[in-house]
Amino acid sequence: MKVRHGIMAMYPTVDALTSVMRRLRAAGHDDFEVFLPFPNEEVDELLPAKPTPMGWVMLIAGILGCCGAYFLQWYAARDYPLNVGGRPLHSWPSFIPVTFELTVLTSSLVGVAGLLWICGLPRLDYPTFRSRNFKRASQDRLFLCLHTDERLDTDGELYRLLCEGAESVEEVER
Amino acid sequence: MSSSDTEIARDTPDPNALLGPGETWTSVTENISRLPLDRPHPRFWWLGFAAAFALLMLLMLAISWLFIKGVGIWGINIPIAWGFAIVNFVWWIGIGHAGTFISAILFLLHQKWRTSINRFTEAMTLFAVACAGLFPLLHMGRPQYFYWLLPYPDTMGLWPQFRSPLVWDVFAVSTYATVSLVFWYVGLLPDLATLRDRATSVGWQRVYGIMSFGWRGDARHWRHYEKVYLVLAGLATPLVLSVHSIVGMDFAIAQVPGWHSTIFPPYFVAGAIYSGFAMVLTLVIPLRSVYSLKHYITDRHLELMAKVLMTTGWMVAYGYFSEFFTAWYSGDEFERFLSLNRVIGPYAGEFWALVCCNILTPQILWVRRCRRSPLVLFCVALIVNVGMWLERFVIVITSLHRDFLPSSWGMYHPTIWDWSTYLGTFGLFLALLFLFIRFLPAIAMAEMRNMVPRKKGDSP
Amino acid sequence: MGASFALAGISGCNRQPAKEIVPFTNPPEAGLGREGLYYASAYSREGYARGILVEAHSGRPTKIEGNPNHPESLGATDAETQASVLSLYDPDRSQTPMHGPSTATWIDFENDWAPRRTALAQAHGAGFAVLTEPTTSPTLLREIDALLQRWPEARWYQHTALARYDDDGTQTDYDFENADIIVSFDADFLIAHPAALRYSRKFVQRRRRENNNAGPNRLYVAEPTLTLTGAIADARLALAPTEIADLIEQLDRAFGLGTDDAAPASAGRSAPHGSQRDAFIQALARDLKAHAPRVALVSSNTLHSESRTVLHDLHHRLGALGVAVKESPAVRSDSDARARGDLHALVDAIEAGEVSTLFILETNPVYASNRGRFAEALIRVKHAVHLGTRRDETAHRCHWHLPASHYLESWGDLRAFEGTASIVQPLVEPLYQTRNAAQILRLVTGLPAKSDYDMVRETWSRNAASSFDEDWRDWLDQGVVPNAVASRIIPQRRVASATTTAPRASTLAASETKTMFALFRLDPNIGAGEGSNNPWLQELPKPFTHLVWDNAALLSTATAQHLSLENGDVAEFVAADASLHAPIWIVAGQSDNCVILPLGYGRTAAGSVGNNHGFDAFAFAPPDGAQQLALREIRKTGKKHPLVSTHGHSEMEGRDLARVISVDTKATEPAGETEMSLYPDVHYTSYAWGMSIDLTSCTGCNACVIACQAENNIPTVGKEQVSREREMHWIRIDRYISETPNGTRVVHQPVPCMHCEHAPCELVCPVAATVHSSEGLNEMVYNRCVGTRYCSNNCPYKVRRFNFLDFREPAGSTVYLQKNPNVSIRDRGVMEKCTYCVQRINAGRIRAERENRTVRDGEILTACQQVCPTEAIVFGDLSDPQSKVSRRKREPGDYALLAELNTRPRTTYLPKQINPPSALPV
């Protein structure tokens with residue numbers, strides 16, 4: 001038998017979605033996903049999820065890049081010592097620009113790689129895509145998908161809760 | 001999409017609005033995604049692209065001949081060993097500064113008006129940097145060995161010479177190109193998802209689907225996404241400042257009179273943003289009219305950019321002034337001679353032309369009506385573009401052509417190949433731009449949706 | 001393909017001559033260890049010997065140095081001699097006899113000649129004539145004599161373009177060591193004289209601070225246009241020839257009747273620059289009186305005979321003869337009694353129908369003679385044969401052209417101006433089927449053919465000692481034949497030769513002082529066209545104008561302004577019976593009454609390099625052979641000709657670049673002070689190479705430029721590339737010209753790489769392609785260079801050169817045989833510059849290490865230093881306080897160019913010392 005991914009509802013406004021989210025969480029339902037066509041702070045606050053570590057990831061990457069870059073230049077000057085225009089081997093002022101550039105480079109590359117990794121992207125197939133309406137998740141509608149094994153009971157209390165302000169509610173197969 | 005469920009914005013049109021009246025998530029999405037999705041392509045697109053492609057072929061021709069004969073086909077000589085190649089490099093890289101400036105710095109400063117132009121200007125940045133990046137490679141005597149500037153110990157155990165500003169350039173420009181690309185693509189992800197979902201043909205759905213990495217707008221993803229975007233903006237801000245500072249150091253580190261000046265880094269950055277905004281205006285004004293995007297790129301936007309143009313224009317003017325002042329104040333005979341030579345020497349014409357273009361012309365923007373008139377702005381922007389190119393010409397050529405020993409003074413005569421290489425890069429730039437407009441959303445839809453005023457009855 | 005073809009012709013090039021040639025036993029040590037060998041030989045400059053040492057690599061002559069044993073060389077050479085090695089490998093040399101337009105063999109020629117010979121023999125040579133250049137070669141003269149003995153009716157004529165020094169059978173020689181006061185009347189004795197190298201050395205030795213025991217000499221020069229001799233003068237007047245004649249008369253009066261002041265004489269004469277001129281004469285007269293007999297009045301062939309007689313008498317009156325001036329019988333055969341005169345005599349003979357058969361040996365009269373009858377006359381000669389290294393203008397008009405040997409591939413002998421004889425020793429077998437003049441002369445009369453080697457030996461083995469074979473080896477080894485001076489007696493005819501050109505000029509002169517005169521002068525680089533096909537000489541910037549690949553009519557600033565002409569404007573010069581179109585160039589220090597027309601250009605059959613450059617002034621020169629021509633007018637045509645000059649600007653713009661001091665003002669500032677630096681000093685533990693260039697000594701002769709080109713395989717790039725400022729010379733001579741009360745002042749400043757210790761070029765190279773060596777050399781690593789050219793931008797001295805295009809000769813060209821195997825040939829897109837001849841330094845170090853000692857001072861000579869006639873350039877180890885260069889740098893006044901940039905150059909300069917007449921202000 002097919003197993004359900006969850007029950008997904010489509011909302012026209014942020015307020016409709018957020019009110020449903022509040023009540024779901026009040027009712028102790030934390031196992032749901034939300035899909036938006038744009039980032040939104042209110043939704044973010046109501047989200048049952050950990051804060052993002054990306055800031056730290058990029059900071060650490062930057063520090064590593066910085067040290068690495070400076071070491072690279074310092075080492076290059078010693079690996080093949082040359083008298084260049086009578087300048088000392090360790091001409092630190094000349095090493096600053098490259099150090100800075102590599103700091104930025106590593107940090108941003110690691111940042112983006114990290115983002116994809118933490119979001120589990122690229123992933124081209126996802127159960128929610130099976131829903132016709134879901135196309136609008138990237139355009140002008142907001143979606144909430146509740147993971148639950150309860151059979152979809154049209155006059156159940158949970159169903160009514162989801163229907164509040166929703167334009168449609170449907171099951172999503174896994 | 002039926003109009004029943006659209007959200008109605010305040011109906012009173014506001015001259016300072018950053019978004020036209022009556023816009024909704026839906027309308028924003030439809031209007032912007034129409035550009036890449038509509039088939040067949042409009043006629044003017046074909047004409048424009050054809051012209052750009054022709055120029056691109058000219059570039060290919062010039063480059064082929066260059067590789068066959070060597071850099072001797074250009075006008076460069078001893079003493080003027082750097083010519084158009086470096087002038088164009090600095091000019092293009094300067095233009096490439098507006099994009100990141102707008103999307104990163106204005107983002108950090110919460111300048112909402114950046115939203116409707118940042119995507120386009122970021123693209124412009126990328127393409128300008130691509131053109132700029134060509135020149136350092138082409139101008140080398142032995143381009144086949146460009147990789148000797150990369151940090152690896154070659155068979156002789158040799159490394160690049162990290163004291164040379166040219167090595168700094170390699171890192172600065174490549175970093176700038178990479179970060180700009182990443183920044184731009186990250187911004188594109190949600191919009192690619194939109195295109196995927198709006199594309200009618202399976203083929204395009206697949207293409208956009210793959211390009212969007214399967215983005216589904218998950219709120220958790222948005223959380224990571226926003227953090228990364230914010231930090232990237234934070235990184236790009238000093239980066240954009242550093243890149244043209246380093247380009248400025250290419251000259252400031254040398255001891256050639258007219259180059260050896262501490263004002264160069266800041267003054268180059270100002271110049272870069274100046275020329276960058278000029279180029280943005282030059283491109284955005286026709287774009288918004290042919291694609292009727294006046295709702296998203298409003299007169300208000302133009303006015304704000306005009307103000308940035310004036311500000312940076314004055315910074316550049318200050319740069320010129322302080323150059324002459326320090327030359328006089330230092331009492332250095334070579335610097336003094338150079339200043340004089342700029343003003344009355346063989347290249348005085350170029351110098352005065354640049355003064356007219358960069359300092360005098362923008363002053364008409366003091367008048368509000370001019371700031372809001374697309375036509376006036378367009379002309380001013382064009383003139384400033386020319387002026388900024390002349391500025392780089394004056395800096396590179398006049399400084400070199402009469403330096404310390406009068407016995408070695410010379411003149412610079414650009415050849416047809418100098419010109420065709422320069423014009424050719426316009427081909428590359430415009431061709432890429434046309435393709436971008438055709439296949440990718442020129443305005444960031446996800447961000448525009450956030451600009452849509454909230455529906456009546458929503459809690460503030 | 002083309003390669004193999006070009007080289008096939010000279011497959012023999014690496015074979016040494018079968019006859020044993022003798023290497024130089026104590027060569028300049030710079031040569032050893034580089035598998036190079038030196039051979040002593042002699043180069044013929046206008047027929048006079050210049051002793052040389054030829055460096056050979058695996059049998060190929062590659063470089064020419066001066067022979068220290070030779071009295072007219074003293075170890076130095078000049079640009080022309082340096083460049084002569086390239087002519088050996090000139091791809092345009094004729095390689096086989098030519099019968100009319102078609103190639104032939106020597107057999108063909110001999111078969112063709114045999115019947116004619118028998119006919120002539122019966123007539124005792126009547127109708128036969130041979131034309132040569134005046135020569136000093138005993139062997140050639142012996143063969144000519146043999147010919148005239150055998151065929152008493154045969155005639156011998158001599159032709160040379162312009163230059164003559166001894167047409168009355170005596171020659172005047174000067175000893176500048178004993179001359180306190182030297183006056184040159186339009187005599188460019190530091191360059192255009194067979195003894196120029198010796199003169200330069202002796203003249204400069206008296207001026208240099210380091211040996212001023214005798215006190216510096218003083219040079220007065222009166223000349224129509226700036227010459228290198230005039231450039232070094234302490235007092236100089238720019239005068240037209242006629243004015244010079246007047247000047248000499250005045251001088252004569254000043255000493256003639258014991259009247260002490262020359263002032264009245266000059267009253268009213270020549271309104272222009274009157275005062276300056278009077279001051280000049282007064283100072284000169286005073287100096288001559290004060291310093292007699294230690295004075296020398298140097299006259300030249302451009303003066304007319306009266307003037308020269310006057311100067312001769314003045315020498316007598318001042319007692320200079322035997323002190324600083326020496327008169328002796330001529331060395332060159334100009335006035336040889338056996339000769340029937342010059343080209344004019346020959347033409348007369350031809351027109352009188354007295355010449356039916358003519359042999360023209362190694363001269364090119366069709367081109368290199370004044371406009372006039374010779375070319376037409378030649379047509380009337382039934383049978384004309386030309387011997388020459390190239391199929392030149394004359395060859396084209398002769399029935400036969402025979403290929404002549406280059407002096408580096410055939411035996412011969414020559415005498416120097418002061419009489420010393422040398423054996424011309426070849427280094428290679430003839431590259432092509434060539435012969436020399438002496439061989440042809442034997443062939444003419446049918447004497448049994450002899451090898452060039454045997455002929456020369458025969459000449460010298462007559463009345464020689466029993467030890468001849470040892471002596472011979474000695475002579476070849478040393479390059480000079482000791483005390484052979486005595487045995488030079490050319491039968492003289494004591495009549496002043498009919499060819500004295502000047503009287504004609506003077507007759508014009510006295511009356512019309514105001515007329516504009518065109519003066520015909522040999523080109524400073526290519527002479528009368530001898531160097532036309534030599535790219536080194538063509539691309540060598542000419543003194544003062546720095547023009548390359550072209551000649552131009554030289555005008556004074558005033559004249560040009562008056563005619564509103566600018567550099568490169570083509571003007572028409574109209575004389576009574578001819579006119580000439582020529583581009584003009586404005587020069588400083590030229591008399592307003594004359595135009596200089598350099599000869600040697602406008603060649604049509606010089607070869608692929610030399611053809612169609614410049615205009616042919618010979619075609620305008622008067623038929624009577626005079627060296628000047630009165631001009632009716634000069635017309636502006638409105639046309640322009642692209643003249644190319646390598647020198648941006650000749651003023652110093654008030655910058656402290658080339659310093660000039662007067663001898664009595666003692667330079668005060670301590671030598672060799674350096675500004676402080678932010679960087680820790682680099683300590684050089686081994687040798688510290690450095691160079692000192694003495695501006696007092698430099699005469700601007702350009703020898704160093706060509707020497708550097710020959711030593712370092714520097715390419716020539718052609719007129720078009722030079723016009724785009726892409727010349728490649730590693731050392732250049734900057735000239736700064738200013739006007740002073742003592743006349744036009746010129747400072748020559750040779751500028752090689754300064755080898756800065758804080759080199760700006762190194763700092764900016766992204767790939768470390770130019771870095772410092774442990775011995776303080778600024779090294780250029782060609783195969784690391786990627787060609788960003790940033791180093792050149794950042795070089796304040798602009799001494800770096802870039803291969804903008806592929807400047808190498810086409811693959812397989814014979815000129816590759818000249819290349820120095822110790823110097824790599826640079827690729828396209830690579831930067832290059834002076835290396836202080838690092839290949840010589842390494843050779844020296846290696847040799848020293850092999851012998852387990854340190855390098856001796858003076859053991860390593862850079863090419864520019866070795867060639868310099870005046871020892872202006874000194875190179876050596878700065879870490880040795882006793883080395884010559886260290887001592888030079890300790891001299892007061894030693895300064896670094898652009899020292900304020902704190903680049904700490906290893907090359908420094910000594911200021912130019914001048915010794916102006918006390919009467920005149922500095």
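FYI, side chains are in, hydrogens and waters are out, and symmetry mates aren't considered; it's all heavy atoms of this structure. Letters A, B, ... are given to chains in the order of the sequence lines, protein chains preceding strands, and every chain is numbered from 1.
When heavy atoms are compared at a cutoff of 4.5 Å, B:Ile210 approaches chain A by way of both its backbone and its side chain. Only the side chain of A:Tyr75 comes within less than 4.5 Å of a heavy atom in chain B; its backbone stays farther off. Interface remark: B:Gln161 contributes side-chain atoms only to the contact with chain A (heavy atom separation under 4.5 Å). Contact annotation for B:Val228: both backbone and side-chain heavy atoms come within less than 4.5 Å of a heavy atom of chain A. Heavy-atom distances place both the backbone and the side chain of A:Val34 under 4.5 Å from chain B. There is no contact between A:Leu59 and chain B, counting heavy-atom distances below 4.5 Å. For chain A, no part of B:Pro165 is nearby; none of its heavy atoms comes within less than 4.5 Å. For a residue to count as touching a neighbouring chain, one of its non-hydrogen atoms must lie under 4.5 Å from one of that chain's; by this rule B:Ile246 touches chain A with the side chain only.
Aromatic ring orientation, B:His244 versus B:His97: perpendicular (interplanar angle above 60°, classes split at 30° and 60°). The aromatic rings of B:Trp259 and B:Phe251 sit perpendicular, their planes meeting at an angle over 60°, well past the 30° parallel limit. Using cut-offs of 30° and 60° for the angle between ring planes, the A:Phe95 and A:His90 rings count as tilted. Relative orientation of the A:Phe35 and A:Tyr126 rings is perpendicular, given thresholds of 30° and 60° on the angle between their planes.
Between chain A and the options B:Val167, B:Asp191, B:Asp197, the largest number of non-hydrogen pairs under 4.5 Å is found for B:Asp197. The residue among A:Gly85, A:Gly114, A:Gly111, A:Ser91 with the most heavy atom pairs within less than 4.5 Å of chain B is A:Ser91. When each of B:His221, B:Arg223, B:Arg196 is scored by its heavy-atom pairs under 4.5 Å with chain A, the top score falls to B:Arg223. Looking only at heavy-atom pairs under 4.5 Å with chain A, the residue among B:Val170, B:Thr29, B:Leu189 that has the most is B:Thr29. Residue with the most contacts toward chain A among B:Met448, B:Met249, B:Arg198: B:Arg198 (heavy-atom pairs, distance under 4.5 Å). With chain B as the partner, the residue from A:Val57, A:Val43, A:Leu82, A:Asp79 showing the most heavy-atom pairs under 4.5 Å is A:Asp79. Interface summary for chain A: among B:Ala446, B:Ser245, B:Ala219, the most heavy-atom pairs under 4.5 angstrom belong to B:Ala219. Of all the listed residues (B:Lys227, B:Glu447, B:Arg216), the one sharing the greatest number of non-hydrogen pairs under 4.5 Å with chain A is B:Arg216. The candidate from A:Asp44, A:Thr18, A:Val112 with the greatest count of non-hydrogen atom pairs under 4.5 Å with chain B is A:Asp44. Per-residue counts of heavy-atom pairs under 4.5 Å with chain B were compared for A:Val84, A:Thr103, A:Leu105; the largest is that of A:Leu105. Contact count against chain B (heavy-atom pairs under 4.5 Å) is highest for A:Gln73 among A:Glu33, A:Lys50, A:Gln73, A:Arg87.
Taking the six-membered ring where the residue is Trp, the centroids of B:Trp222 and B:Trp215 are separated by under 6.0 Å. Aromatic rings from A:Phe143 and A:Tyr11 are positioned such that their centres are separated by 6.0 Å or more. Checked against the 6.0 Å centroid threshold, B:Phe162 and B:Trp168 do not count as a close aromatic pair.
Using a 4.5 Å cut-off on side-chain heavy atoms (C-beta onward), A:Asn133 and A:Arg141 make no contact.
Using modelled atom types, one finds no donor on one side chain facing an acceptor on the other under 3.5 Å when comparing B:Thr194 with A:Gln139. Between B:Tyr176 and B:Thr100, the side chains place a donor N or O and an acceptor N or O closer than 3.5 Å (distance only, hydrogens not considered). Side-chain contact of B:Ser242 with A:Glu101: a donor-acceptor pair under 3.5 Å is present, judged by distance alone.
For the atom pair CZ (A:Arg132) and OG (A:Ser168), the distance works out to 13.0 Å, reported to the nearest 0.5 Å.
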